[in-house]
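This report concerns only the one structure given below.
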Amino acid sequence: MIFRPRTFGAKLLLLVVAVVAAAQIATWLIVSRYNARAAEKLIDDELQQAAQTFTRIVNYRNSLLVAGASTAARASEIKRQFVRGRDDPLTFASALDSIRLSSRSDIVAALTLEADLIAATMPAMAAGDILKQLVGRAEADPSPNPSAAGFGILDGQLYSLVLAPVRAPDIIAWLLIGFRIDRDFTAELKAMTGIDLTFFDVQGRPLASTLPPATIGGIAASLHALGDDHASHRLELSGETALVALRRLSVGSGKNAILALQYSLDEKLAPARATEKTLLIVATASLVVAIFLSRAFARRLVQPIVELVGHTRRIAAGDYSIRNTAYRTDELGRLSEAFDQMSRGLSERDRIRDLLDKNVSPEVAAQLLRDGAALGGEERQVTILFVDLRGFTTMSERYAPRELLTLLNRYLDRMSRAIEENGGIVDKYIGDAIMALFGAPVDQPDAPGRAIAAALAMQRALADFNRELVAEGRPPLAIGVGINTARVVAGNIGSARRLNYSVIGDGVNVAARLQSLTRDPAYATNIIVSAQTVRASTPPFAVRDLGSVAVKGRAEPVAIYAIDG
Amino acid sequence: MHSKSPLIPVGAVLLLAACMLSPVFAADVGRVRVEVRDNKGAPVPDAVASLHPLDRPATVTPPAEPAVIVQDKEEFRPYVTAVVTGTRIRFPNQDKVQHHVFSLSKAKTFDIPLYRGEPKEPVLFDQPGIVSLGCDIHDWMSAYVLVLSTPHFVKTAEDGIASLADLPAGRYRLEVWHPRLKAPDQREVALRAADTATKVVSVTLGFDRRISRNPESGGGAYK
């Protein structure tokens with residue numbers, strides 16, 4: 001199952017943790033591996049250097065011993081012993097012992113040119129063929145002072161041996177000088193190199209070592225498995241990993257003593273391990289810091305988003321009053337700003353829509369919003385209604401402007417409601433007059449009937465209004481209504497900046513003219529409609545024929561009727 | 001003063017040419033010219049060529065006057081001296097410092113403890129063989145006395161040539177010795193009247209083991 005974080009914070013946290021952890025783990029691995037490799041390389045170098053140091057020390061000591069012993073052997077009487085020594089080996093051996101003491105060596109022996117032992121300071125000297133090998137090598141040395149060095153197991157001990165010529169002044173014999181490779185020597189070598197070392201005899205038994213017995217045993221057990229001389233080998237010794245390098249020391253008869261150089265890898269790595277531990281702590285700490293930072297960052301980032309979501313919901317619910325506070329400087333800030341602009345825009349549009357609803361009829365507003373406001377027009381059958389307040393001029397003289405306007409608006413409000421309740425729309429207010437349309441912009445099959453019904457409703461509404469006025473101590477009002485039905489041009493009329501939906505045509509003038517006819521007392525009616533209107537309606541009302549009347553600007557007379565309620 | 005000997009590399013090979021020429025003065029007397037060169041063709045001085053008659057006993061008469069090996073500038077001179085058995089040799093010291101001439105060789109073991117000038121007695125070399133001389137206090141001083149039981153011998157000069165004259169016809173053992181030869185080169189040579197023969201002998205020399213008096217000045221500075 002794959003864990004899919006739901007929130008941005010969780011995603012960010014996961015990402016940061018993954019990246020930081022990966023980086024830290026990679027760093028740790030790289031450092032750790034590098035340290036291990038560097039330590040191995042370092043130990044390997046140190047082991048090789050220690051081996052070289054061993055060789056140098058041996059060579060140096062050999063040269064000191066050769067110098068010392070040769071000086072002692074050149075003494076006149078000692079020199080003669082090399083010729084006559086066989087006659088009195090005991091005396092010669094004691095003379096050699098004297099040389100051993102003065103040269104600070106551990107063994108001194110005299111050999112014939114044929115590598116036969118004449119005398120030695122060590123009585124039992126089973127050296128195998130190492131003496132013959134040394135003499136052979138010394139003879140092959142082209143130097144005026146030929147010599148040869150090697151190792152030998154004498155009396156169960158490992159010796160470094162060196163051969164020097166005895167002269168008279170020809171080379172008459174060989175002087176063998178040696179020092180024992182013992183505990184003191186290994187300790188001294190360790191003090192110089194810092195490397196632990198162990199010498200093994202040809203059977204792999206330890207002869208001298210700087211290591212504890214358990215570790216020596218571990219190396220001894222692995223001796224046969226370790227081949228090549230010049231490579232370091234990894235060994236598990238006494239629970240520690242160590243690198244071991246071997247040097248085989250020929251002791252003659254095709255046999256080798258072994259020098260094992262050892263250094264603990266764990267010991268060398270200890271400071272590196274401490275650093276790695278610190279690194280691990282730092283890694284953990286940085287991970288924790290990263291977690292906190294990412295959470296804080298996510299919160300900072302998410303909080304305005306959550307806020308915006310809330311705002312969106314409120315805007316969806318129609319509340320545009322919400323504003324974002326304190327814009328951030330980043331993209332979210334710009335989003336908040338844009339959001340607020342959008343909110344303001346929506347609010348403005350709503351307000352306009354609201355105003356539109358108040359200023360034009362809802363139907364026109366809807367059509368405008370739907371079709372857009374455009375100049376244009378269509379010819380359609382429309383019933384036009386005009387209603388006018390009688391004696392408005394007298395009124396305006398009687399009342400103060402504010403009072404007049406209040407009164408007018410109360411009147412217009414009632415009339416408009418009567419029109420709208422009957423499916424008409426108020427086209428425009430012309431002072432105290434109202435022009436209303438039926439069948440536009442939305443088709444109404446019974447538009448003429450509705451117009452008449454609206455006129456009657458206005459009469460009733462006026463009666464109510466008059467009762468109020470009388471109650472207020474004001475004189476009652478009277479109206480005249482003219483209704484005509486005709487084909488007219490309907491559309492948005494005006495400039496590109498300001499448009500009004502309206503109708504124009506002869507039929508409109510007729511309706512206005514019929515309205516003004518109501519003032520004629522001869523007709524004795526408040527509502528005069530044209531024949532086209534009456535014909536198109538099914539009257540639940542009383543219709544009275546008023547005959548024909550000539551209308552200004554029209555050739556034919558118009559048949560008119562009075563609606564008497 | 002012993003002559004300069006060329007440095008010969010390890011395993012150097014000497015070519016020994018023995019050229020037998022026609023007798024000059026008498027029908028039964030011949031001459032032998034021996035030329036010693038190393039394998040690079042350079043002449044080898046301080047080699048001793050000797051002829052040992054095989055058909056007759058060799059009779060030697062030691063010279064009345066002793067031979068002389070001087071010590072001069074802390075060196076023996078000459079480096080190689082060939083004498084017949086019974087020859088006495090004087091060892092005059094011409095240096096201001098004393099010398100202790102000695103030999104541990106079987107043919108003649110002797111000591112002349114530290115002295116200046118002329119020792120009282122010359123040293124008698126009464127056994128044939130090689131005598132290696134040294135000075136007990138100057139390790140680099142080295143000289144050789146080759147004691148021979150034949151009167152026919154010549155030491156090669158700087159040009160590596162040794163000429164033997166007044167040789168009766170007959171068979172000889174030709175021996176060539178040099179301080180750096182492990183053993184003398186030996187071969188039989190038949191010398192007939194008015195006869196000429198050439199023999200080439202190859203000999204391997206050992207390393208030059210003489211102690212350097214001035215090791216600091218580098219190799220080759222042997223005096």
Side-chain angles (χ1 to χ4, degrees), chain A residues 63-64 66-88 91-92 95-96 99 103 110-116 118-119 132 134-148 162-175, chain B residues 5 7-12 74-76 79-80 99-114 129-145 178-183 204-215 217-223:
Chain A
S63 69
L64 287 182
V66 163
S70 298
T71 305
R74 71 173 290 288
S76 185
E77 280 312 313
I78 301 284
K79 198 152 44 187
R80 276 160 183 73
Q81 288 289 320
F82 283 90
V83 181
R84 295 194 288 263
R86 280 182 197 284
D87 305 339
D88 188 355
T91 304
F92 191 28
L96 293 179
I99 293 177
S103 63
L111 306 179
T112 66
L113 295 179
E114 291 76 31
D116 294 324
I118 305 168
K132 279 200 168 19
L134 289 176
V135 169
R137 273 163 45 204
E139 277 177 348
D141 181 357
S143 146
N145 260 315
S147 77
V162 61
L163 211 58
V166 180
R167 294 172 169 277
D170 270 1
I171 296 172
I172 55 168
W174 296 105
L175 186 65
Chain B
S5 168
L7 277 177
I8 295 169
V10 179
E74 294 169 24
E75 297 283 1
F76 286 115
Y79 177 50
V80 171
H99 290 296
H100 177 155
V101 180
F102 77 96
S103 160
L104 298 181
S105 304
K106 272 181 195 165
K108 182 68 187 178
T109 305
F110 71 94
D111 262 296
I112 312 173
L114 289 172
I130 303 148
V131 179
S132 171
L133 302 177
C135 171
D136 215 19
I137 62 168
H138 300 113
D139 285 354
W140 62 87
M141 288 176 67
S142 175
Y144 292 91
V145 177
H178 186 269
R180 281 165 58 191
L181 280 177
K182 262 190 171 179
T204 303
L205 283 191
F207 301 111
D208 191 347
R209 301 291 198 197
R210 277 176 297 171
I211 294 173
S212 168
R213 190 171 171 181
N214 300 300
S217 67
Y222 306 120
K223 297 285 175 187

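Source: prediction; values computed, not measured. Chain letters run A, B, ... following the sequence lines, proteins first, then strands; residues in each count from 1.
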Taking 4.0 angstrom as the limit, do A:D170 and B:R209 come out as a salt bridge?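 No.
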Would a distance-only check, ignoring hydrogens and angles, find a side-chain to backbone donor-acceptor pair under 3.5 Å from B:R210 to A:P169?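 Such a contact is absent between B:R210 side chain and A:P169 backbone.
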With side chain to side chain contact (heavy atoms under 4.5 Å, CB included) as the criterion, how do B:D136 and A:K79 come out once you've worked through the C-alpha distance, each side chain's angles and the decisive distance to 0.1 Å? CA-CA 10 Å; B:D136 215 19; A:K79 198 152 44 187; 3.0 Å; yes
I want to check something: taking the side chain as every heavy atom from C-beta on, are [X] and [Y] in contact at a cut-off of under 4.5 Å?
| X | Y | result |
| --- | --- | --- |
| B:T109 | A:R80 | no |
| A:E139 | B:F207 | no |
| A:P144 | B:I211 | no |

Is A:P165 close to chain B through its backbone or its side chain, or both, or neither, when contacts mean heavy atoms under 4.5 Å?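 Neither part, no heavy atoms under 4.5 Å.
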Please step through salt bridge (charged side-chain N to carboxylate O under 4.0 Å, His left out) for the pair B:D139 and A:R74, ending with a clear verdict. CA-CA 9 Å; B:D139 285 354; A:R74 71 173 290 288; 2.8 Å; yes
